[in-house]
Amino acid sequence: MAPPKRFPERDEIAAVREEATALEPGTESPEKRRLAGRVMARRGHGKLTFLDLVDRSGRIQLLCDESRVGAIDVNLGDVVGVTGSPARSRRGEPSLAVDALELLSENRSPLPDTFHGLTDPEIRYRKRYLDLLMNEETRETFLLRTRIVTSIRSYLDAEGFIEVETPILQPRYGGAFAHPFVTHSNELDADLYLRIATELYLKRLIVGGLERVYEIGKDFRNEGVSYKHQPEFTMLEWYEAYADYRDTMARIEELLERVALEALGTTTVRFRGHEVDLRRPWARIRFVEALERHELWTRDADELRARLERRGVDTTQDKDWPQLVDHAFSHVVEPELVQPTIVHDYPIELSPFARATDDDPTLTERFEYFAGGMELGNAFTEINDADEQQARFDMQSQHVGGEPGDPDYVEALSYGMPPTGGLGLGIDRLAMLLSGRETIRDVILFPTLRPEAS
RNA sequence: GGGCCGGUAGCUCAGCUGGCAGAGCAGGGGACUUUUAAUCCCAAGGUCGUUGGUUCGAAUCCAACCCGGCCCA
């Protein structure tokens, strides 16, 4: 006979467990509860069988007395629904004394070792369902990730930002320095790029008068993988009309402190062997000063290359000054930014969308913020003048791997864009930091892997 | 892209100085009414990542390749 198609009026295991814990050992409550979940342990004892039932909320022992339930014919991994009463075993284990047990879905494949669990990273990533089933920490990590995103949304929604969706398939890519994935539309007979950022479309919406917009979505970068890089990752970008980068700094500090408290209950996390506290205010340092501290600030490319080489840094991949200074920063400064730090006023060559500072036209109102030795995001006072933006694109075209430019975007700016503060936040990296997971693959449900050999 | 490490039963791992492919858990059969890595008995379970080479003989030695991890770029 086919198993039931539903199991209504279900209670959560965590709640029933709490109820059972309040009882005296060896006693049973008169209340009736219904639980459903997966059988993750079985201890047969003749006409009495102990099962461990697991749902999203937790785990509880089932006491199955054959004289009450009938014969118990379940295997590890079966999905069952039970009715019974909260109880405590003689040894004090919170349990449900079962009156009726229904098999809802049979497990036909042996589960991984119930003691050692599933540890092989390759199987954990390729068959994430098994990882989630076997490893409670994995379930907790992804539930935390969801709370983080929920918290971000509720903050931005309450602040009057509207959530939008912009194209993933784009005729031009831009908004970051990265290699794109290219695909092809048969109908349009045109190559399209998978977006590397949402930046340029979101700012078109600011031109259009939406004033406060954000998008949480996947970006794609056709580049190497590392503990903090995946080809497909999740980014938040927001744009706020009539704000500058100082307003934006205040907002991101407020948001991340709040997200930590809401999702985790504390602002203090352990990450890569460090204790990191996200409480406001964060440290701030100018980009130039951060490099000066290491005697790595110079606008002379040859001199900078020499200083880096002297430190044993391989600069053979760095073609020009912007690449050298970026390398110097990410190699020397970034790893030491363990406590939350805002680095601000970046050189204009590295910042094609940020307005120049008031007192130095070679620097821009841009900041990046770091924690745990890792960049979390990037923000600026947006260029809102079409001519100035075109001049920046022209400047970029002189640099290797510079921003490719986007005439359609410049045209949008020509209609006038309010002064705007914009920001990007790497959701995966934030999830790493708050969960204490040391690799980005552990906070992405299905990370990109090479296809298995057939 | 380079270096190092790994891939043996569904899972966790032994075996690797060449000589019959193993254990625990899971899965199958049986015993057991308070266990919680329950216990006990029985039977079963394999493309030793792939391909080639050396050898009387290869999981084991050699080469290439595939997949993964860590580090470097």
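Proteins come first, then strands; the chains are lettered A, B, ... in the order of their sequence lines, and each starts at number 1.
Base pairing of U55(B) is not made with any nucleotide, judged by Watson-Crick or G-U wobble geometry with both donor-acceptor distances under 3.5 Å. Nucleotide A31(B) forms a pair with U39(B), judged by Watson-Crick or G-U wobble geometry with both contacts under 3.5 Å. Under the Watson-Crick and G-U wobble criteria, each requiring two contacts below 3.5 Å, nucleotide U17(B) is left unpaired. Judged by Watson-Crick or G-U wobble contacts below 3.5 Å, the nucleotide U47(B) has no partner. Of all nucleotides present, only G10(B) satisfies the Watson-Crick or G-U wobble test against C25(B), with each distance under 3.5 Å.
Closest contact between the side chain of Pro110(A) and the listed nucleotides G68(B), U36(B), G27(B) involves G27(B). Among the nucleotides G68(B), A73(B), C11(B), the one closest to the side chain of Arg126(A) is G68(B). Checked against G68(B), G28(B), U34(B), the side chain of Arg450(A) finds its nearest nucleotide in G68(B). Considering only side-chain atoms of Leu76(A), the nucleotide from C32(B), U12(B), A26(B) that sits closest is A26(B). Side-chain proximity of Phe115(A) to U12(B), G10(B), A37(B): nearest is A37(B). Relative to the side chain of Thr114(A), the nucleotides U36(B), A26(B), C67(B) differ in distance, and A26(B) lies closest. Across G69(B), C32(B), U12(B), the shortest atom-to-atom separation from the side chain of Leu118(A) is found for U12(B). Distance from the side chain of Leu48(A) is smallest for U34(B) among the nucleotides G69(B), G27(B), U34(B).
With hydrogens and angles ignored, a donor-acceptor pair under 3.5 angstrom links the side chain of Asp113(A) to the base of G24(B).
Using a 3.5 Å distance cut-off with no hydrogens or angles, the side chains of Asp442(A) and Tyr125(A) do pair a donor with an acceptor. Thr198(A) and Glu215(A) share no donor-acceptor pair across their side chains, judged by distance under 3.5 Å alone. Glu275(A) and Thr268(A) share no side-chain donor-acceptor pair at under 3.5 Å.
No donor-acceptor pair under 3.5 Å is formed between the side chain of Arg366(A) and the backbone N or O of Tyr346(A).
For the pair Asn75(A) and G28(B), the criterion of a side-chain N or O lying under 4.0 Å from OP1 or OP2 is met. For the OP1/OP2 pair of U12(B) and a distance below 4.0 Å, the side-chain nitrogens and oxygens of Thr119(A) include at least one atom meeting the criterion. Applying the 4.0 Å criterion to OP1 and OP2 of G27(B), one finds that Arg42(A) has a side-chain N or O inside that range. Between Arg43(A) and A37(B) there is no side-chain N or O to OP1 or OP2 distance below 4.0 Å.
Atoms CD (Glu66(A)) and C1' (U34(B)) sit 15 Å apart, rounded to a whole Å. Going from atom CD1 of Ile123(A) over to atom P of U8(B) covers 8 Å, rounded to whole Å. One can place CD of Glu106(A) at 9 Å from P of G28(B), the figure rounded to the nearest angstrom. We find that CD of Glu93(A) is positioned 21 Å from P of U33(B), with the value rounded to whole Å.
Mapping Gly46(A) and Val313(A) onto RNA chain B by nearest heavy atom places Gly46(A) closer to the 5' end of the strand. Positionally, the nearest nucleotide of RNA chain B for Thr439(A) lies more toward the 5' end than for the other of His331(A) and Thr439(A).
A gap of 35 Å separates the P atoms of G57(B) and G2(B), to the nearest Å. Between the C1' atoms of A14(B) and G24(B), the separation comes to 11 Å (whole Å).
Across all strands shown, Tyr227(A) has no heavy atoms under 4.0 Å from either base or sugar-phosphate atoms. Looking at heavy-atom distances under 4.0 Å, Gly44(A) makes contact with a base. No engagement by Arg108(A) is indicated, since no non-hydrogen atom pair under 4.0 Å with the nucleic acid exists.
Atom CZ of residue Arg195(A) and atom CG of residue Leu169(A) lie 9.5 Å apart, to the nearest 0.5 angstrom. Here the CG atom belonging to Asp345(A) is positioned 8.5 Å from the CG atom belonging to Asp360(A), to the nearest 0.5 angstrom.
Across every non-hydrogen atom of Cys64(A) and Val69(A), the tightest pair is CA-CG2, 4.1 Å.
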